[in-house]
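Both ligands and their constituent atoms are indexed starting at 1 by order of listing.
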Amino acid sequence: MISVYDIPDLSPDEFARFAELIHQKASITLKEHKIVLLSNRLRRRLHELQLSDYESYYRYLQSGQDPEEMSRFFEVITTNETYFWRTTQNFELLKQDLMPAILADHPGREIHFWSAGCSSGEEPYNLAMELVEGMKQLGPFPFTIRASDLSERMVQFAREGRYQGRKIDRVPPAILRRYFREDEDNAGHYYVRADVKQRVAFHAENLFETRVGPFHCIFCRNVMIYFSRQDQLKLVSRFYEALLPGGYLVIGHSESLHMFDTPFETRQFANGVAYHKKRV
Ligand SMILES: C[S@@+](CC[C@H](N)C(=O)[O-])C[C@H]1O[C@@H](n2cnc3c(N)ncnc32)[C@H](O)[C@@H]1O
């Protein structure tokens, strides 16, 4: 029997079929130069599933006999890499620049956030922790966080809220003590505390298929890179609709909306840029 590692790269036709499936299910655009990357990653999946060619994998995926496989397939293409205290400037922007304005606009109201493309949950939990920390300066306010990702597996992981190693390396010790509890049976493994977890509701869903909101603020960091320009613009419009007037969109530090013609107003603050939905 030949080893899957002897299987050649995807042919252009095979690549096109997988690329079409990815676009159809996740709106993710795979450019042709990704053929070697996709071949290498799929070969690993074929090996794990003991399948001998891409065609068998395509049929297996489409058959739906293993509902988790579509999630794994997305993970082959996207990176779910994330960690607590990633680009902390975004959280400073939120606490110091955006929240005072949001709270002044909505006194006494519950504030709603969306972590769109939350991967394994670090971003929304981090948001919850930073918002509670921010209350020391801002005073108390009720809030909810909706967190969503395409990958069912990532969302399941996020709901468990158990992290270790690189994922929590950057968490300041005082925060680790305040918002996590160490697993008694596994040193170095930490659970997010229940009072933080209850602030976050996780959903496995495609950003292009759900209509949710309204929100006061949306975080969508390091997600848009997967989409074509056309789909990015579509997504930005969906975010605009999902925000309340006066609301803000925060994207990743290497991302920008400057090439798009959108109704958002670009606001430069001391801690970075946020996109503002103006009040009419
Ligand atoms: C690199 S992670 C970003 C995690 C987090 N926002 C951060 O910045 O650390 C990108 C995530 O986007 C998700 N994603 C990609 N396409 C998506 C879609 N169409 N709908 C929902 N999530 C999607 C992937 O599953 C992945 O978990």
Side-chain angles (χ1 to χ4, degrees), residues 18-31 34 37-38 41 68-94 113-130 145-161 163 165-171 192 200-213 215 217-239 242 248-256 272-274:
F18 280 108
E20 195 188 324
L21 182 65
I22 293 158
H23 192 260
Q24 182 198 326
K25 299 279 183 193
S27 300
I28 293 171
T29 295
L30 264 192
K31 303 246 174 69
K34 293 278 170 74
L37 180 90
L38 185 63
R41 295 196 173 166
E68 281 207 349
E69 189 53 34
M70 198 55 90
S71 259
R72 288 186 196 276
F73 174 55
F74 296 144
E75 287 160 31
V76 157
I77 300 145
T78 59
T79 158
N80 304 111
E81 170 65 12
T82 182
Y83 44 87
F84 282 92
W85 262 249
R86 179 179 199 179
T87 321
T88 50
Q89 222 193 352
N90 294 145
F91 299 112
E92 293 310 316
L93 171 75
L94 177 68
F113 296 86
W114 183 13
S115 165
C118 65
S119 188
S120 35
E122 291 84 335
E123 179 180 276
Y125 288 138
N126 204 153
L127 255 175
M129 292 171 195
E130 287 285 33
I145 301 174
R146 179 189 184 87
S148 64
D149 199 275
L150 184 66
S151 165
E152 178 77 49
R153 272 171 26 94
M154 284 301 119
V155 166
Q156 274 169 15
F157 185 100
R159 285 193 184 117
E160 206 195 341
Y163 302 94
R166 287 192 57 225
K167 293 197 162 279
I168 48 169
D169 267 359
R170 294 169 191 232
V171 178
V192 172
V200 187
F202 287 99
H203 301 268
E205 62 196 17
N206 184 343
L207 289 171
F208 290 85
E209 284 174 3
T210 42
R211 293 270 176 208
V212 291
F215 301 101
C217 182
I218 299 173
F219 265 53
C220 183
R221 304 185 304 163
N222 309 303
V223 179
M224 287 203 278
I225 37 164
Y226 298 111
F227 312 132
S228 67
R229 274 186 63 127
Q230 198 187 355
D231 287 333
Q232 287 179 1
L233 185 56
K234 223 187 272 177
L235 188 60
V236 170
S237 308
R238 294 176 77 96
F239 287 153
Y248 290 95
L249 169 67
V250 176
I251 61 178
H253 76 295
S254 58
E255 301 167 312
S256 167
V273 169

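- Of all the heavy atoms of E123, the ones lying under 4.0 Å from any atom of ligand 1 belong exclusively to the side chain.
- Electrostatic pairing of K234 and D231 counts as a salt bridge here, judged by a charged N lying under 4.0 Å from a carboxylate O.
- Taking a cutoff of 4.0 Å between a charged side-chain nitrogen and a carboxylate oxygen, E122 and R170 do not qualify as a salt bridge.
- Looking at E75 against ligand 1, nothing comes within 4.0 Å, counting heavy atoms.
- Sorted by first and then second residue, the salt bridge (charged side-chain N to carboxylate O under 4.0 Å, His left out) pairs with a member in residues 22-31 form an empty list; sequence neighbours excluded.
- Taking distance alone, with nitrogen or oxygen atoms compared against 3.5 Å, Y83 stays at or beyond that limit from ligand 1.
- Remark: E209 CD to R238 CZ distance equals 8.0 Å, nearest 0.5 Å.
- Distances from ligand 1 to the non-hydrogen atoms of E205 include at least one value under 4.0 Å.
- Partner of F219 under the ring-ring contact (aromatic ring centres under 6.0 Å, His included) criterion, chosen from W114, F113, F91: F91.
- Classification of R86 and E81 as a salt-bridged pair fails, no side-chain N sitting under 4.0 Å from a carboxylate O.
- Residue nearest to atom 16 (N) of ligand 1, selected from F227, F84, F208: F227 (by heavy-atom distance).
- In terms of polar-atom proximity, defined here as any N/O pair under 3.5 Å, N80 does make such a contact with ligand 1.
- Between the CG atom of D149 and the CG atom of N206 there is a distance of 10.0 Å, given to the nearest 0.5 Å.
- Remark: minimum distance from atom 20 (N) of ligand 1 to any protein heavy atom is reached at L207 N, 3.0 Å.
- Not counting sequence neighbours, the partners of V273 by the side chain to side chain contact (heavy atoms under 4.5 Å, CB included) test are T266, Q268, Y275.
- By heavy-atom distance, the residue among I22, D231, L150 lying nearest atom 17 (C) of ligand 1 is L150.
- Contact atoms of ligand 1 toward E81: 1 (C) (distance under 4.0 Å to a heavy atom of the residue).
- Applying the 4.0 Å criterion to heavy atoms of S119 picks out, from ligand 1, the atoms 4 (C), 27 (O).
- When the heavy-atom distances from atom 4 (C) of ligand 1 to S115, S148, G252, G117 are ranked, the shortest goes to G117.
- Polar contact check, A26 against ligand 1: a nitrogen or oxygen pair lies under 3.5 Å apart.
- Scanning all protein heavy atoms for the shortest distance to atom 18 (C) of ligand 1 gives N206 OD1, 3.7 Å.
- Of the protein's heavy atoms, N222 ND2, 2.8 Å lies nearest to atom 8 (O) of ligand 1.
- Under 3.5 Å, the side chains of S151 and E75 contain a donor-acceptor pair of N or O atoms.
- The closest approach between any non-hydrogen atom of M154 and ligand 1 is not below 4.0 Å.
- The aromatic rings of F18 and F73 are tilted relative to each other, their planes meeting at an angle between 30° and 60°.
- Below 30°, between 30° and 60°, or above 60°: for Y125 and F84 the angle between ring planes is below 30°, a parallel geometry.
- Here is the list of ligand 1 atoms found below 4.0 Å of a heavy atom in V223: 12 (O).
- Here the CG-CG distance, from N80 to L150, works out to 9.0 Å after rounding to the nearest 0.5 Å.
- Closest to atom 13 (C) of ligand 1, if we only count protein heavy atoms, is D149 OD2, 3.3 Å.
- At a heavy-atom cutoff of 4.0 Å, ligand 1 is contacted by no atom of S27, backbone or side chain.
- Ligand 1 has a nitrogen or oxygen under 3.5 angstrom from a nitrogen or oxygen of R86.
- The residue from T82, T79, I28 that puts a heavy atom closest to atom 2 (S) of ligand 1 is T79.
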